[in-house]
Amino acid sequence: MKKYLLPIFLLLACQAKESSAPEPVLPIPSERQLAWHELEYYGFVHFNMNTFSDMEWGMGDEKPSQFDPSELDTRQWARIVKDAGMKGIIITAKHHDGFCLWPSAYTEHSVKNSPWRDGKGDLIQELKEACDEYGLKMGIYYSPWDRNHADYGKPEYITYMRNQLTELLSNYGDIFEVWFDGANGGDGYYGGANETRRVDKKTYYDWENTFALVRELQPNAVIFGDAGPDVRWVGNENGYAYETTWSNLLRDSVYAGMPEYADVYASGQENGTHWVPAEADVSIRPGWYYHEYEDHKVKTLAQLLDIYYKSIGRNASLLINFPVDRRGLIHEKDEQQILKLAEKIKEDFRDDLAKGTKVKANKERGGQYAAKNVLDKNPETYWAAGEGVIQGHLTFEFDQPTWINRFMVREYFPLGQRVRKFSLEGDSGNGWNLIAEGTTIGAKRILRFEDIEVKKLRLNILDAKSEPLIMEVGIFDAPKLVTEPVLKRKKSGEITLEVPEDGVDIFYTIDDTTPDGTSLRYEEALVLDAPLTLQVLAIDQSSGRKSEVLRFQIERPKAEWLVLHENQDAEKAIDENPDTFWQSDNDELIVDLGEELTLEGFTYLPPQNRYMKGIISRYGFAVSSDGKKWREVALGEFSNIKNNPVEQRVSFSTTKAKYIRLRAMQTVDGGPAAFAELGVITGEGDKD
Ligand code: FUL
Ligand code: CA
């Protein structure tokens, strides 16, 4: 009898060990970070003095009297954000120009001296009430950089900043995120109204003690910054995370606003010492603040959807900005677009085909860590491959051949991010075929691929820091989206329209009417008598589904334009191709327009390549009738152009000119000025 007892005993002991919980792989998220991970998607509102000065970065000399929304309604914001499926709103309580949306006791530069609500308003309070009503969380954006405050650059300002944070974090209930902008006076931008001192971004703000204050007042809030400490910037303002995105960060090597951050640190590091997950931020329009001229540049559904897949689908959270307009409302067009995205996300993930499959793992830790946990929609259960196992796979078998095009997978990240490499294979009845490959997974990874019909699907974990833990898997067949045509133009003025898919017709109008299937059909390159408004759409031939209508202000062709520089490459600054550019040798670009034109402004597109140098941050623009005598008609700053290198648009009082000259007074990195495209605004092209 005794002979048998020992082996049974050993067996039981082994099993008990096999099903004990896996050890964490450090770093792991804190409680407040775990709560934040659940939000995944929330809204940004940029609404402040810039809304009224029509700027992206105010100088700080604006007057409180300029802040005067006519119909401000935070409940409208909350309703839209809620309907969009977002979980909270972060508001620009104070931006770089220093104006405060709450009646701070520490400055006169606030709503209390504005005409809005006769100076008795408190926008933070109004937003908090609206958020509470709609079950949303509220977050605070606070700019450390201040171009208005007389003490900026002195120790006194740090006291001011902490006093203000104390107001914001004590008087408005729970705050879920405190957003510290890395953009800063130290970036070469200088010359705000009261900006007389340069600061050392690394040391000036004494972040350690500022963070301690936030912790004390709002222990559950996450703190956002380039260097975290809790949530980090994704490194661009396009809303894209990288294919490889670790939640781990070498946090002690980073400080807020460091120039190399975007290139070196933004995607996180496998051996990162701290859990600092990425947040992807992007505006629904080109700019962060409202500008009427961007009413027709609101992102399309196809663009927004791409952002969704490249942020939430790549282990980041998504923060989409609404530039609230001068009425104090989210613009109708922005509302329409964000709700289209919400609809489309629902549609794409409506039916999880994984739930009808039989799932098996090649290895299991045993106990409660079975493969079937990846299908139970319970974030507390997961499949564990087994002690010491690095490679493992999960096979999903369908009842019958099934069409699919999306795969979603989540790691059980409370015990640390582990997977380094994985692949997805499908079997349609004649063996395994590779569908997709990836690196990191993290909190959520979504793969998009061409429609494929499979009987079996297999997720292979190929490499990991330790035993892989998979919390959830989803399999979907998302309906096709008809994407809108892309417009390209040549220097001659010729316009071509292209769509990525086959089997699609393109229609257009040039008479300010909305195109449909009865409008002019696009067959060959267009030569149009500009300036005019061109509107285009694509219609899928078999389903009849339509893309969105896109609207372009077509300026006169640059056919007769000449660059007055020896260098052949200078042509690239006026070739209508956004991807080509010229890097000048003397910081200026002079163009002969070929004829005298009546100008109302100019446009400058910086190089679009992320690593490109020579982006102009301060400019002077001059005109001439003979190319000899010049008259300067505009002088200023291209704000935020480094992080958001969109086309810059500058208006000036109407003037006639045959020659134009754009000169760089300063570039972001100090290198010679680079021009991807220079354009003019002649007025007639921009009617509504
Ligand atoms: C940037 C700022 O400079 C922009 O104006 C905007 O607030 C964006 C979210 O962050 O760094
Ligand atoms: Ca170009």
Side-chain angles (χ1 to χ4, degrees), residues 44-74 77 89-131 138-154 156-173 175 178-181 183-185 192-196 205 210 213-214 217-218 288-290 323-329 639:
F44 219 168
V45 168
H46 274 64
F47 177 71
N48 204 308
M49 187 55 87
N50 291 329
T51 314
F52 299 90
S53 58
D54 209 7
M55 294 176 87
E56 280 290 299
W57 282 1
M59 300 303 276
D61 56 358
E62 299 79 16
K63 300 279 164 289
S65 59
Q66 288 170 255
F67 184 85
D68 194 14
S70 52
E71 300 168 46
L72 186 119
D73 182 6
T74 51
W77 312 356
I89 301 180
I90 300 180
I91 174 75
T92 49
K94 184 192 86 166
H95 205 253
H96 311 325
D97 59 74
F99 187 77
C100 300
L101 295 182
W102 77 104
S104 171
Y106 302 95
T107 181
E108 292 304 306
H109 201 52
S110 86
V111 285
K112 73 182 173 201
N113 290 315
S114 80
W116 176 65
R117 307 244 192 280
D118 293 324
K120 303 207 171 53
D122 181 341
L123 210 151
I124 305 301
Q125 180 60 30
E126 289 191 17
L127 180 59
K128 181 65 189 173
E129 285 166 17
C131 284
M138 185 169 84
I140 295 288
Y141 166 110
Y142 185 89
S143 169
W145 184 26
D146 193 316
R147 305 177 109 179
N148 170 268
H149 202 275
D151 287 337
Y152 182 73
K154 295 205 271 185
E156 287 84 339
Y157 172 78
I158 303 304
T159 307
Y160 171 75
M161 174 170 145
R162 291 190 184 145
N163 285 335
Q164 291 209 314
L165 286 169
T166 303
E167 291 179 324
L168 288 166
L169 304 180
S170 311
N171 301 339
Y172 304 97
I175 300 298
V178 182
W179 215 96
F180 289 117
D181 202 317
N184 211 290
N194 281 319
E195 228 172 338
T196 52
Y205 299 101
T210 304
L213 177 69
V214 177
L217 299 172
Q218 294 282 339
W288 290 95
Y289 280 94
Y290 179 80
V324 161
D325 66 18
R326 289 186 188 181
R327 294 171 301 175
L329 300 175
S639 305

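The closest side-chain heavy-atom distance from Phe99 to Phe52 is not below 4.5 Å. Using a 4.5 Å cut-off on side-chain heavy atoms (C-beta onward), Val111 and Arg117 make no contact. In this structure, Phe67 and Glu62 have side chains that are not in contact, with every pair of non-hydrogen atoms separated by 4.5 Å or more. Side-chain atoms of Ile90 and Ile140, non-hydrogen and from C-beta on, never get closer than 4.5 Å to each other. Between Trp77 and Leu127 the shortest side-chain heavy-atom distance falls below 4.5 Å. Between Phe47 and Thr74 the shortest side-chain heavy-atom distance does not fall below 4.5 Å.
Residue Leu168 holds its CG atom at 8.0 Å from CE of Met138, rounded to the nearest 0.5 Å. Between the CG atom in Asp68 and the OG1 atom in Thr51 there is a gap of 12.0 Å [rounded to 0.5 Å]. Note that the CG atom of Leu101 and the CG atom of Asn48 stand 4.0 Å from one another [nearest 0.5 Å]. Here the straight-line distance linking atom NZ of Lys63 with atom OG of Ser53 works out to 11.5 Å at 0.5 Å rounding. From Ser70, atom OG reaches atom CG of Asp325 across 8.0 Å, with rounding to the nearest 0.5 Å. With values rounded to the nearest 0.5 angstrom, Asp146 atom CG is found 8.0 Å from His109 atom NE2.
With 3.5 Å as the limit, one finds no donor-acceptor pair spanning the side chains of His46 and Thr92. Between the side chains of Gln164 and Tyr160, at least one donor N or O sits under 3.5 Å from an acceptor N or O.
Ion pair Lys120/Asp118 not flagged as a salt bridge, since none of the NZ, NE, NH1 or NH2 atoms sits closer than 4.0 Å to an Asp/Glu carboxylate oxygen.
A donor-acceptor contact shorter than 3.5 Å links the side chain of Gln218 to the backbone of Gly173. A donor-acceptor pair is defined here as one N or O able to donate and one able to accept, closer than 3.5 Å; such a pair exists between the side chain of Lys112 and the backbone of Thr107. When atom types are taken as modelled, the side chain of Lys94 and the backbone of Tyr142 share no donor-acceptor pair closer than 3.5 angstrom. The main-chain N or O of Tyr172 is never found under 3.5 Å from a side-chain atom of Gln125 such that the two would form a donor-acceptor pair. Judged by distance alone, the side chain of Tyr157 and the main-chain N or O of Pro144 form a donor-acceptor pair under 3.5 Å. The closest donor-acceptor contact from the side chain of Asn50 to the backbone of Glu56 lies under 3.5 Å.
Closest non-hydrogen pair, Ser110 versus Pro103, comes out as OG-CA, 3.9 Å. Among all heavy-atom pairs drawn from Asn113 and Pro64, the shortest one is O-CB, 3.4 Å. The shortest heavy-atom contact between Trp116 and Leu72 is CZ2-CD2, 3.6 Å.
Evaluation of the salt bridge (Lys or Arg N to Asp or Glu O under 4.0 Å) rule for Glu167 yields no partner, not counting sequence neighbours. Qualifying salt bridge (Lys or Arg N to Asp or Glu O under 4.0 Å) partners for Lys154, counting only residues two or more places apart in sequence or in other chains: Asp151. Listed by chain and residue number, nothing satisfies the salt bridge (Lys or Arg N to Asp or Glu O under 4.0 Å) test with Asp97 (two or more places apart in sequence, or in another chain). With sequence neighbours excluded, the residues that form a ring-ring contact (aromatic ring centres under 6.0 Å, His included) with Trp179 are Phe44, Tyr141, Phe224. With sequence neighbours excluded, the residues that form a side chain to side chain contact (heavy atoms under 4.5 Å, CB included) with Arg162 are Ile158, Asp206, Asn209, Thr210, Leu213. Remark: Glu71 pairs with no residue by the salt bridge (Lys or Arg N to Asp or Glu O under 4.0 Å) rule, at least two apart or across chains.
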Quick one, His95 with Tyr289, criterion side-chain contact (heavy atoms from CB on, under 4.5 Å). Give me CA distance, side-chain angles, the key distance, then yes/no.
CA-CA 11 Å; His95 205 253; Tyr289 280 94; 3.1 Å; yes
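Relative ring orientation between Tyr152 and Tyr205 is described as tilted, the plane-to-plane angle lying within the 30° to 60° band.
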